[in-house]
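The structure appears below as structure tokens.
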Protein chains: 2
Amino acid sequence: MQFSKSTDYALHALVHLGHSERRHNVGIKQLSGALGVSESYLSKIMSKLRQDGIVRAVPGVNGGYELARPAEQISFLDIIEVIEGRQRMFECSNSSSQQHLLLTEAEIAEQESPKREGCLIEKVMDGAEQHLRQYLKGHTIQTILDESRKRCTHDTNKK
Amino acid sequence: MQFSKSTDYALHALVHLGHSERRHNVGIKQLSGALGVSESYLSKIMSKLRQDGIVRAVPGVNGGYELARPAEQISFLDIIEVIEGRQRMFECSNSSSQQHLLLTEAEIAEQESPKREGCLIEKVMDGAEQHLRQYLKGHTIQTILDESRKRCTHDTNKK
DNA sequence: TTATTATGGACATAACGGATCTATAATTAA
DNA sequence: TTAATTATAGATCCGTTATGTCCATAATAA
């Protein structure tokens, strides 16, 4: 139950892109240098982010990456879903077990429909996941950039 | 970023124990039958739960497992922590990278103390984790038992 | 004591995460 | 057009973790 390192790298990389100027591509060399990750590995991560429309990539001289949309429209949830996948965090593996059915059938009985509802345990876990997703959706790359700049000005004022 | 099957089994097993009578041990055979998991594997999981004081185990004839404390005092969080471990869900792997420090130093500068604060990304992720933990702490085995019985009486009323 | 049951250790296997390398395609500058 | 640069995709490797089995041992009650 841990986020992968790839998610870590992706988040840092996107914040880096967010810091850089508009219309200014950041190459994989520069990026890998800033994060301390190998170019080859980081490439894979950036490719994924491109395929999902989080960043744009320009090959060739002076090419590189830039955010595909404004930083306030890139949420933590977006990024995590790209890297970790979109499967549910919890799923009962043995859906035909006596114990599982005991917690499922009751639900089916309540509604007259034959619609397949999850078991009670799944419901709680799904609820947890929804809470998490909601929180992550509410925080974006811009959140970090704002916070970062706020700290900076604080710092300047003190001096 | 998925919960392991072991967590699934543990949750189902504990609900099963919760359903059974007080002072009545449930053997691993019965338990594994109800869940549809092998005895040998489920044993491992139950042992962990015992070591952490979630269940009591009695060897010998008519032995087995029972909840070590009332079902309303066994939260989803308790169970998940036993099975999944207690590490944080997110941790920056390269804490000496330029990018990471950029998001950390500002924080250190703000407070005069040399106390090591996490980077801004970690802060958001930690916030997410706290939300999740709070939710999971608020749901117990008893939650499931209550819900299960509620459905039952509903069912009975309809008939 | 004997039958029963949980426990712990060793072990096997498959899947996944993390990481590297290389060949290829696309783009721009000269 | 050519050359340099840069991203992309595929193959592959290694180590760790999840999942699962088996067996010997210890503890308990009848």
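Side-chain atoms are counted along with the backbone in the values below, which use heavy atoms only and exclude waters and symmetry mates. Just so it is clear: chains get the letters A, B, ... in the order the sequence lines come, proteins before strands, and each one is counted from 1.
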Problem - Pairwise 5' ranking along DNA chain D for A:Gly60 and A:Gln51, keeping only the more 5' one - result: A:Gly60

Problem - Along DNA chain D (nearest heavy atom to each residue), the more 5'-positioned of A:Val58 and A:Met1 - result: A:Val58

Practice task
From the options B:Leu103, B:Leu102, B:Val124, select the one residue that forms a side-chain contact (heavy atoms from CB on, under 4.5 Å) with B:Cys119.
Solution key: B:Leu103

Practice task
From the options B:Leu14, B:Val58, B:Val55, select the one residue that forms a side-chain contact (heavy atoms from CB on, under 4.5 Å) with B:Tyr65.
Solution key: B:Val55

Taking the side chain of [X] as its heavy atoms from C-beta onward, which of [options] lies nearest to it?
{"X": "B:Lys5", "options": "D:dT19, C:dC21, C:dT28", "answer": "D:dT19"}
{"X": "A:Ala57", "options": "C:dG8, C:dT20, D:dA7", "answer": "D:dA7"}
{"X": "B:Pro59", "options": "D:dT6, C:dT5, D:dG20", "answer": "C:dT5"}
{"X": "A:Ser43", "options": "C:dA19, D:dT8, C:dC21", "answer": "D:dT8"}
{"X": "A:Lys44", "options": "C:dT28, C:dT5, D:dG10", "answer": "D:dG10"}
{"X": "B:Tyr65", "options": "C:dA6, C:dA19, D:dA18", "answer": "C:dA6"}

Side-chain N or O of [X] less than 4.0 angstrom from OP1 or OP2 on [N]?
{"X": "A:Ser47", "N": "D:dT8", "answer": "yes"}
{"X": "B:Ser38", "N": "D:dG20", "answer": "no"}
{"X": "B:Ser6", "N": "D:dT19", "answer": "yes"}
{"X": "A:Gln2", "N": "D:dT17", "answer": "no"}
{"X": "A:Tyr41", "N": "D:dC13", "answer": "no"}

Find the distance [X]:[atom1] to [N]:[atom2] and express it as a whole number of Å.
{"X": "A:Lys48", "N": "C:dG18", "atom1": "NZ", "atom2": "C1'", "answer": "11 Å"}
{"X": "B:Ile83", "N": "D:dT17", "atom1": "CD1", "atom2": "P", "answer": "17 Å"}
{"X": "A:Phe3", "N": "C:dG17", "atom1": "CZ", "atom2": "P", "answer": "13 Å"}
{"X": "A:Arg50", "N": "D:dT8", "atom1": "CZ", "atom2": "P", "answer": "5 Å"}
{"X": "A:Asp52", "N": "D:dT8", "atom1": "CG", "atom2": "P", "answer": "13 Å"}
{"X": "B:Glu66", "N": "C:dA6", "atom1": "CD", "atom2": "P", "answer": "13 Å"}
{"X": "B:Asn25", "N": "D:dT28", "atom1": "CG", "atom2": "C1'", "answer": "11 Å"}
{"X": "B:Asn62", "N": "D:dA29", "atom1": "CG", "atom2": "P", "answer": "10 Å"}

Handout entry: B:Ser148 side chain to B:Ile144 backbone, donor-acceptor under 3.5 Å
Key = no

Problem - Verdict with supporting geometry, A:His139 and A:Tyr135, ring pair (Phe, Tyr, Trp, His ring centres under 6.0 Å) - result: CA-CA 7 Å; A:His139 289 76; A:Tyr135 182 95; 4.4 Å; yes

Problem - Minimal non-hydrogen separation, A:Ile83 against A:Ser6, with atom names - result: CG2-CB, 3.5 Å

Exercise for the section: State whether a side-chain donor-acceptor pair under 3.5 Å links B:Ser32 with B:Tyr41. Expected result: no

Completion exercise
Of A:Ser40 and A:Thr7, the one whose nearest nucleotide on DNA chain C sits closer to the 5' end is A:Thr7

